[in-house]
Amino acid sequence: MVYYYRCYNVIDNNRGTYVKKINYKHLKRSLWAYHMNTGSCNACDIEILATLMPRYDAERFGIKLVGSPRHADVLLVTGTVTEKIKDKILQVYQQVPKPKLVMIIGSCGATKGVFHESYAMAGPLDTLLPVDVYVPGCPPRPEAIIYGVAKAWEKLEEL
Amino acid sequence: MIMILAIALIMTIVGLILGLLLKGIDRKIAAYFQSRIGPPLLQPVYDIIKLMYKQTIIPVTAVRWLFSSAPVIALASSALLLLYITIPYIFYIFEINTTLQGDLIVVLYCILIPSIAMVTGAFSSGSPYAAIGAQREMVILMSIELPIAVVIISVAWHAADSMADPFAISSLFEYPLWHNAGAFGVLGGILLFFAMVLVLPAEMSRVPFDQAEAETELAEGISVEYSGKLLAFILLTDAFKALALSMLVVILFFPYTLSQLFGISFQMYGHTLTPFVEIVFLLFKIIVIYSFGITFIRVVMARLKISQVARFFLFAITAISIIGLILIMLDPNMRII
């Protein structure tokens, strides 16, 4: 794992600092999401896929799932964060180019949910990363996920 | 000289917008087949604008100059490919007499350069996913090289039979493949068209031949480490290639203009509008070729295995194109000498 960490350590284009003013406005029309499962029971993952299916059709708003964190604008995190996956989610967060958003899908990521007594949990995600949108529910319905995206847009407008 | 430079500049910008629109139409048609509404037509443009504003990350393991120059080379060479194919046809439509003829052999090489630049960039990124994707891209490139060469050589063979300059692009419009063709020639032309349309998605790396960019197994494959502006360049390369390759199919097989087909000409207040209507007709042909060759196949099929792809192109498609070449050679009507 040491090799993996060194291999994917990132440097910015502007000599280590990101000086350009972050412009979130352009994210509104095309949000590319990278989906990361941090110990979820798979229910939230299936609901994310249901959001992209023809009935709700999130591609209307330019939302699409990408396979690489380097292409992503928004990080969809499902599940409570286990100790094993803590390093990986931090690395993936570093790999996403700025400007970036983090969305928690499901109650587990926000509060540890039913696993709150477990010794294997590294805690709610917002103790590790800056989280922008919480979508509670076990699992949240696709309508709730779309509402979360709309909330993210409102947040982008305020910035 | 200055006129050609100006035309090249205008056509690069117009080609950029049209290529992105072509990708938008492709996504809209795919959405229609899946009974979705689909993204707006300008969605690829929004994506490009967004990527231009994003941070560009270069991994520490990458060979920095190679990693960042590969998408630029790919973009430049795909723009060159588009101009090289399109400018002789535009001159032909506007009936401008010029010595600019174009060369099919150069087109054959220009098709390769964007893919090879992408493969180089992927290998230099230092990511194992990108390395696997690059190897797969090389396999696909090697297996589709022979069918494309055979198609172009048989079209040139036919042009040479009609006493034209065989490898000039301009002789393709003056003596199209179906010109003066007998039964053998028509059959051979249909086989060649079939081979070329199946090569199209492999060249564009779309489903079922998108093993190099398989996002579910390789995490976007050859473009896995690219972000921001460099990723935008890759998407623009894709748009140029989409326009240029469907344009190539149109020129090789259906170069007929409206005035050739029906003898129509369009006039308004004494000015002739025919060239502009011909350009609209050309865009219509490009959209038809692209949607039949790429969108329909992409919607109905799943991704093949890389060994299946290599076998398919090396044996089946190569055999089909060589049979087409032999049929065109045998056609007695085309023999003038």
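In what follows, chains are A, B, ... by sequence order, proteins preceding strands, each numbered from 1.
- Counting only distance, with no hydrogens or angles, the side chain of A:D57 and the backbone of B:R36 share no donor-acceptor pair below 3.5 Å.
- Residue A:S68 holds its OG atom at 10.0 Å from OH of B:Y129, rounded to the nearest 0.5 Å.
- Side-chain contact check for B:I57 versus A:R70: some heavy-atom pair is nearer than 4.5 Å.
- Shown here for B:E220 and A:G67, the closest heavy-atom pair between the two residues is OE2-N, 2.8 Å.
- Taking B:S223, B:G228, B:S35 one by one and counting their heavy-atom pairs under 4.5 Å with chain A, the maximum is reached by B:S223.
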Could you walk me through whether B:R27 and A:E59 pass salt bridge (Lys or Arg N to Asp or Glu O under 4.0 Å), step by step? CA-CA 10 Å; B:R27 282 173 79 169; A:E59 208 191 349; 2.9 Å; yes

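- A:R29 CZ: 12 or fewer foreign heavy atoms inside a 6.0 Å radius.
- Annotation: side chain of B:P39 is not in contact with side chain of A:R60 (no heavy-atom distance under 4.5 Å).
- A:A72 touches chain B through its backbone: at least one of N, CA, C or O sits under 4.5 Å from a heavy atom, while the side chain does not.
- Residues B:K54 and A:D73 have side chains in contact (heavy-atom distance under 4.5 Å, counting atoms from C-beta outward).
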Does the side-chain contact (heavy atoms from CB on, under 4.5 Å) test come out yes or no for A:H71 and B:S227, once each step is laid out? CA-CA 6 Å; A:H71 302 184; B:S227 56; 5.5 Å; no

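- For chain A, the nearby part of B:L231 is the side chain; its heavy atoms alone come within less than 4.5 Å.
- Remark: B:F296 CZ is packed, more than 12 non-hydrogen atoms of other residues, nucleotides or ligands lying under 6.0 Å away.
- Counting non-hydrogen atoms of other residues, nucleotides and ligands closer than 6.0 Å to NZ of B:K28 gives a total above 12.
- From A:S30, atom OG reaches atom CG of B:L42 across 12.5 Å, with rounding to the nearest 0.5 Å.
- A distance of 7.0 Å separates CD of A:Q95 from CD of B:E225, quoted to the nearest 0.5 Å.
- For B:L218, no part lies under 4.5 angstrom from a heavy atom of chain A.
- Only the side chain of B:L235 comes within contact range of chain A, judged by heavy atoms closer than 4.5 Å.
- Per-residue heavy-atom pair counts under 4.5 Å with chain A were compared for B:P40, B:A219, B:S68, and the maximum is reached by B:A219.
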